Amino acid sequence: MHSEHEVLIQFLADVDEQIRYQPMHAAVNEELKAHIEDKAETYMEYGMEEEEAFRRAVREMGDASAIGIQMNEAHHLRTAKPLLVLLFVLMGIGMLGNFAARGFDWMTCEEQLYILWGALVLVLVMRYGYPLLLKHMGKLMILFLVLTAGNLCIHLAWRRDWLLNFGCFQYLFSPSVQFGILQLAIPAAAVQMYRRRCRGLRGLFEVYGFLAVPVAASFFFFGAGYTHQGILVLLLCCLGVSCYMVGKGYLKVEKKRGFAGAFLGVLVLAVIWAVPERERLARSLELCFHPEAQAASAWEDGYNGVLMRELLGKSEWFGSVSLSEEEKLRFYTSEWYFTDGPGEWQPGGIRELEDYVRYKMQFQGDPALKLRDLLPDGHGRNYRIARWILSYGRIPALFLTLLPLWACALMFAAAFQIRNRLGRLTALSGSLALSLQSLFYLAGNLGYQFGAFGNLPFVSEGLVSITGSAVMAGLVLSAYRFDTVLKEKD
């Protein structure tokens, strides 16, 4: 640039000093430079010398530092601090719950590392996640397909005993990993729906066609119900995001046709999922609404549902549930249901009730049973809200129940404060997903378990669910953080 333009260089440098987010310097400079050059060119058309024209154009812009401060306010990073603090509080509750459930042992330490890892992922995704998601969306979609295909191949091979000597693959490609794939497909689908909005219903159906791959693949995974919650959450989130797009006029289609297309697309995905899975889905629904039908032994999820409903029915508004030592023993050995109640023990696991009672009693050295001993074996992760209800009463348990719901409400609040439409949709999809997971977990704690037990975001379950929750919430925070600095592209 010629020396006569040094005044412009100095002006832009003074503006940049006031803008904290350095990646915005180039865009701001380009915007201001174009404005100054236009004004200078106008002056030169009236016969003014180039050097004087630029000096006058810069002078008329005003004080560079003041402009920089204004630009910084308009292009600044921000943090949803109440939401971030509450998420860390939930993680802290999860860590305390691990110690309360198992004490200080190696398994508890492993679970604490999961939560600490989740905290790190949350911070990293909040700082860098949203721009990276938009930049590498194409690669991410390919990765989803590769992971789904790899997961499917590993499970088919595992079923045929081809991988008996390669047990590590069962951990790399497990039902939990497939749940994580379905979970992270939600914000990816939201971004793709928005980017294809100009294509109308065709663009929407293209995204649904992509999602049909992991949805259809779920039929081949072993075990009933491992992916049922994940797919149901995926379908409901896609329906919510697509209907929001239609309602706000983002999708280039008439609203009635748009709503009809959104419901039709999700319905087709539901059919692709439900028809091959109809037997497993029937069992998941039966487990949720009629667990007695699957209470064949104390090892079954159906018995857990019956047990939770019975114990919660004895809970108090304040204080621990009141049970005699004899009642505790009958609950501990399952005799309350299979001997005293209507339950009928079926062969499976430890074959007879008497064998199961002997099996349980060998671990009972202290005659004074504790309340946590009566809960199902997975209570450390799966029944945290139920444990609070039984230990402290229904009213105190509302604290643990409302905290994750409050976090979800703050996520929705942050999402609707985002002015960038793509960022709002990304945050909305993550908020929907974590809210639905929390509701499924709460239902399971009340004895209405659907499919495999769900997870309470940031509080329960293992590495994949903690990581997935951190990524989803991190994207909400990241979309909010970059709302004022990333411009929407058509």
Side-chain angles (χ1 to χ4, degrees), residues 87-126 128-129 132-133 140 143-144 146-148 150-152 154-155 158 163 166-188 214 218 221-223 225-231 233-234 377-384 404 407 430 433-434 436-438 440-441 444 451-477:
L87 294 178
F88 282 129
V89 169
L90 286 174
M91 291 182 180
I93 290 175
M95 297 180 76
L96 291 174
N98 290 337
F99 284 127
R102 292 194 177 92
F104 292 84
D105 59 17
W106 69 268
M107 185 174 293
T108 301
C109 293
E110 182 181 22
E111 291 178 343
Q112 308 300 46
L113 290 177
Y114 293 163
I115 295 179
L116 292 176
W117 162 255
L120 176 61
V121 171
L122 176 67
V123 172
L124 290 176
V125 175
M126 180 187 69
Y128 309 109
L132 291 177
L133 174 68
L140 185 60
L143 178 62
F144 283 146
V146 170
L147 288 175
T148 299
N151 208 347
L152 179 59
I154 292 297
H155 276 290
W158 181 83
L163 292 177
F166 300 94
C168 61
F169 284 99
Q170 297 179 34
Y171 295 98
L172 293 174
F173 296 97
S174 65
S176 296
V177 172
Q178 182 63 16
F179 181 85
I181 294 172
L182 294 169
Q183 189 178 35
L184 297 180
I186 293 170
S218 67
F221 295 113
F222 69 87
Y226 277 108
T227 59
H228 286 178
Q229 282 193 22
I231 293 178
V233 169
L234 172 65
D377 291 335
H379 75 90
R381 294 177 176 178
N382 295 346
Y383 296 99
R384 300 202 174 189
L434 294 176
L436 289 170
Q437 289 175 24
S438 299
F440 273 121
Y441 183 88
F453 211 97
N455 64 292
L456 185 61
F458 301 104
V459 177
S460 74
E461 283 301 325
L463 179 62
V464 173
S465 63
I466 291 292
T467 303
S469 298
V471 171
M472 300 288 278
L475 285 175
V476 175
L477 290 164

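Note that the coordinates shown come from a computational prediction; the quantities given were computed from them, not determined experimentally.
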Could you give the distance from [atom1] ([X]) to [atom2] ([Y]), rounded to the nearest 0.5 Å?
| X | Y | atom1 | atom2 | value |
| --- | --- | --- | --- | --- |
| Leu120 | Leu113 | CG | CG | 12.0 Å |
| Ser465 | Gln437 | OG | CD | 8.5 Å |
| Leu234 | Ile181 | CG | CD1 | 12.0 Å |
| Gln112 | Leu96 | CD | CG | 8.0 Å |
| Thr467 | Trp117 | OG1 | CH2 | 6.5 Å |
| Leu475 | Leu122 | CG | CG | 10.0 Å |

Looking only at heavy atoms, what is the nearest atom pair of [X] and [Y], with distance?
| X | Y | result |
| --- | --- | --- |
| Leu184 | Phe144 | O-CZ, 3.3 Å |
| Val459 | Ile466 | N-CD1, 4.2 Å |
| Leu182 | Pro214 | CD2-CB, 3.9 Å |
| Met472 | Pro187 | SD-CD, 3.7 Å |
| Asn455 | Ser469 | ND2-OG, 3.8 Å |
| Phe440 | Val233 | CE1-CG2, 3.8 Å |

Are [X] and [Y] close enough that some pair of their side-chain heavy atoms sits under 4.5 Å apart?
| X | Y | result |
| --- | --- | --- |
| Leu87 | Leu477 | yes |
| Pro457 | Leu90 | no |
| Leu140 | Leu133 | yes |
| Phe88 | Val123 | yes |

Could you walk me through whether Tyr441 and Phe453 pass ring pair (Phe, Tyr, Trp, His ring centres under 6.0 Å), step by step? CA-CA 7 Å; Tyr441 183 88; Phe453 211 97; 5.7 Å; yes

Would you say the side-chain atoms of Gln229 pair up with the backbone N or O of Ala452, donor to acceptor, closer than 3.5 Å?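 Yes; judged by distance alone, with no hydrogens or angles, the pair exists.
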
